[in-house]
Enquirer: 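Below you'll find the structure I mean.
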Amino acid sequence: MDAGMIAQDSRAVWRIAEAALAMNPTGLVLYLGNNESLGMARALADVQVPEVAVMRGALRHLRLYRVLAELVLPKSAGAAPPQPGGVVPGGGAAKNGIRQQQAVRGRNGGRSGGGGNRRGKAGHEVLARVVQGQWASAGLPLVDGVEATDDVRKAILGRFRENISGIVAMAARAGVRVYVLPTPPHLTYPPFTDAHDPGLSESELAEASRHHAEADAALRAGDAATALAAAERAVSADAAHGGAWFIRGIASGRLGEHADAVDALEHALARDVSRKRTDPGFAAIAAEVCDETAGCASGNAHAALMARARTEGVAVYDEVLGDHEHLNPAGNAWIAGQVAALILEDEPAR
């Protein structure tokens, strides 16, 4: 039975899983992750976050989890405060509420966007502004290689772990086996929101922006070699800018440098301060939860797809994923194969 719903996060999946378990299944498959910031963004949609502010620890000061519980979960009169709840498989949410700052938009860097402000009910721009505020407070980008270290990401990872753990424990009590497959991030989808290194001077920022514009123009003109050279200069001038890393990755891919392309696109994902796309860390969390709990097995679609991209080229992402991280027909078949392999590999353990 397909109990999946679009635009859900792990909190909503928990509720859906609870309803599914009431039907006494023998197994429960969870495919989720690409909407994990959705509930958080909605909860903070009406919170006024200044463009530049000292905001280290802002999520804790905002009492994020209480806000989420009050705004996302329904409450009945006289009921106890809601416990962390869940969501089953989530589809991609609309690209609304995103503030772009010299972000590259479009498939494979084909179009570039200026500093437009697209507001929407989901309020993802609030998350981006919290991250940017933390960067400004620290005076440096909160990214370590391809790992973001800001509080927004930490809160998202913590929330995912809490809800997956709750679902797995609930299923274990019902004697139902759980198979968790976090969604893979769409590496060739451009950053929703870019941010510059807050430590750059105005002249350094202008230089980085000039190189980025040159790379963007060359890529749109079909000159991958020139785009790569300009993108490398842009990254050298501002290693925090996701758009520059994105163009570098796409240009490398067009030149057949598949491994370099994947590496650059991982950097671009970590620097997408919207935190809207699937976090690669979800797969590790699912594996840890399943290692700690009997009756659970997890897979890593991100690692599988990335391994393909390193040998076949980054075009495999467009073969599997459509807009944002929605699966296209070929992607549905591929994910079904990943789930089937996960179940079959788990059989000897049972």
Enquirer: Angle class for the His324/Tyr189 ring planes (parallel below 30°, perpendicular above 60°, tilted otherwise)?
Expert: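 Rings of His324 and Tyr189: tilted, 30 to 60°.
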Enquirer: Would you indicate whether the side-chain heavy atoms of Val320 and Leu305 approach each other to under 4.5 Å?
Expert: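 When only atoms from C-beta onward are counted, Val320 and Leu305 do touch, with a gap below 4.5 Å.
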Enquirer: Does Arg177 use its side chain to pair, donor to acceptor, with the backbone of Val29 at less than 3.5 Å?
Expert: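 Checking the backbone N and O of Val29 against the side chain of Arg177, no donor-acceptor pair under 3.5 Å is found.
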Enquirer: Would you name the heavy atoms of Ala215 and Ile247 that are closest together and state the gap between them?
Expert: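 Result for this residue pair: CB-CG2, 3.8 Å.
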Enquirer: Using modelled atom types and a 3.5 Å cut-off, is there a donor and acceptor pairing between side-chain atoms of Asn328 and backbone atoms of Glu319?
Expert: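 Answer holds: yes.
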Enquirer: With rounding to the nearest 0.5 angstrom, report the SG to CD1 distance, Cys290 to Ile285.
Expert: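 Nearest 0.5 Å value for the SG-CD1 distance: 12.0 Å.
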Enquirer: What distance separates His196 NE2 from Asp238 CG, expressed to the nearest 0.5 Å?
Expert: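 One finds 6.0 Å between NE2 of His196 and CG of Asp238.
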Enquirer: Please step through side-chain hydrogen bond (donor to acceptor under 3.5 Å, both in side chains) for the pair His211 and Ser209, ending with a clear verdict.
Expert: CA-CA 5 Å; His211 293 316; Ser209 298; over 6 Å; no
Enquirer: Taking atom CG of Leu28 and atom CE of Met1, what is their separation to the nearest 0.5 Å?
Expert: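 CE of Met1 is found 9.0 Å from CG of Leu28.
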Enquirer: For residues Pro25 and Val176, report the shortest heavy-atom separation together with the two atoms involved.
Expert: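 Taking Pro25 first and Val176 second, the nearest heavy atoms are O-CG2, 3.4 Å.
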Enquirer: What residue among Val130, Leu142, Val143 forms side-chain contact (heavy atoms from CB on, under 4.5 Å) with Asp150?
Expert: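 In the set Val130, Leu142, Val143, the residue that makes a side-chain contact (heavy atoms from CB on, under 4.5 Å) with Asp150 is Leu142.
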Enquirer: Is there a donor-acceptor contact under 3.5 Å from the side chain of Asp223 to the main chain of Ala218?
Expert: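 Checked: no pair found.
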Enquirer: Quick one: does any side-chain atom of Asn163 pair with a main-chain N or O of Arg159 as donor and acceptor, under 3.5 Å?
Expert: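 Looks like yes, one N/O pair under 3.5 Å.
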Enquirer: For the side chain of Arg210 and the backbone of Ala234, is there at least one donor-acceptor N/O pair under 3.5 Å apart?
Expert: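 No: the side chain of Arg210 does not pair with the backbone of Ala234.
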Enquirer: Any donor-acceptor pair under 3.5 Å linking the side chain of Thr183 with the backbone of Asn34?
Expert: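 Confirmed, Thr183 side chain pairs with Asn34 backbone.
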Enquirer: Kindly indicate, with the supporting measurements, whether the criterion side-chain hydrogen bond (donor to acceptor under 3.5 Å, both in side chains) is fulfilled by Ser201 and Glu204.
Expert: CA-CA 5 Å; Ser201 66; Glu204 290 170 332; 3.3 Å; yes
Enquirer: Do Asp194 and Asp272 have side chains that get closer than 4.5 Å, going by heavy atoms?
Expert: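 Answer no - side chains too far apart.
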Enquirer: Is the closest side-chain heavy-atom distance between Tyr317 and Met306 below 4.5 Å?
Expert: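 Counting from C-beta outward, Tyr317 and Met306 do come under 4.5 Å.
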Enquirer: Establish, from distance only, whether the side-chain atoms of Glu36 and Ser10 form a donor-acceptor pair under 3.5 Å.
Expert: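 Their side chains do contain a donor-acceptor pair, which is all the 3.5 Å distance test asks for.
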Enquirer: Rounded to the nearest 0.5 Å, how far apart are CD1 of Ile343 and CD of Gln338?
Expert: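 Output value for this atom pair is 12.0 Å.
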Enquirer: Strictly distance-based, threshold 3.5 Å: is any side-chain N or O of Ser137 a donor or acceptor partner for the main-chain N or O of Gly133?
Expert: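 No.
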Enquirer: Distance-only, no hydrogens or angles: does the Ser236 side chain make a donor-acceptor pair with backbone N or O of Glu232 under 3.5 Å?
Expert: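 Side chain of Ser236 to backbone of Glu232, a donor-acceptor pair under 3.5 Å: no, none is there.
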Enquirer: For the backbone of Ala286 and the side chain of Arg161, can you confirm whether one donor and one acceptor N or O come within less than 3.5 Å of each other?
Expert: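 Side chain of Arg161 to backbone of Ala286, a donor-acceptor pair under 3.5 Å: no, none is there.
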Enquirer: Of Arg310, Arg271, Arg277, Arg248, which is the lone residue that meets salt bridge (Lys or Arg N to Asp or Glu O under 4.0 Å) with Glu266?
Expert: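 Between Glu266 and the candidates, salt bridge (Lys or Arg N to Asp or Glu O under 4.0 Å) is satisfied uniquely by Arg310.
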Enquirer: Do Tyr179 and Leu30 have side-chain heavy atoms sitting under 4.5 Å apart?
Expert: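 The answer is no, as the side chains (C-beta and beyond) never meet within the 4.5 Å cut-off.
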Enquirer: Would you indicate whether the side-chain heavy atoms of Asp323 and His326 approach each other to under 4.5 Å?
Expert: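 In contact.
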Enquirer: CG/Leu200 to CG/Leu140 distance, rounded to the nearest 0.5 angstrom?
Expert: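 So the gap between those two atoms works out to 11.0 Å.
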Enquirer: Is the backbone of Thr278 close enough, under 3.5 Å, to the side chain of Glu325 for a donor and an acceptor to pair up by distance?
Expert: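 At least one qualifying donor-acceptor pair exists.
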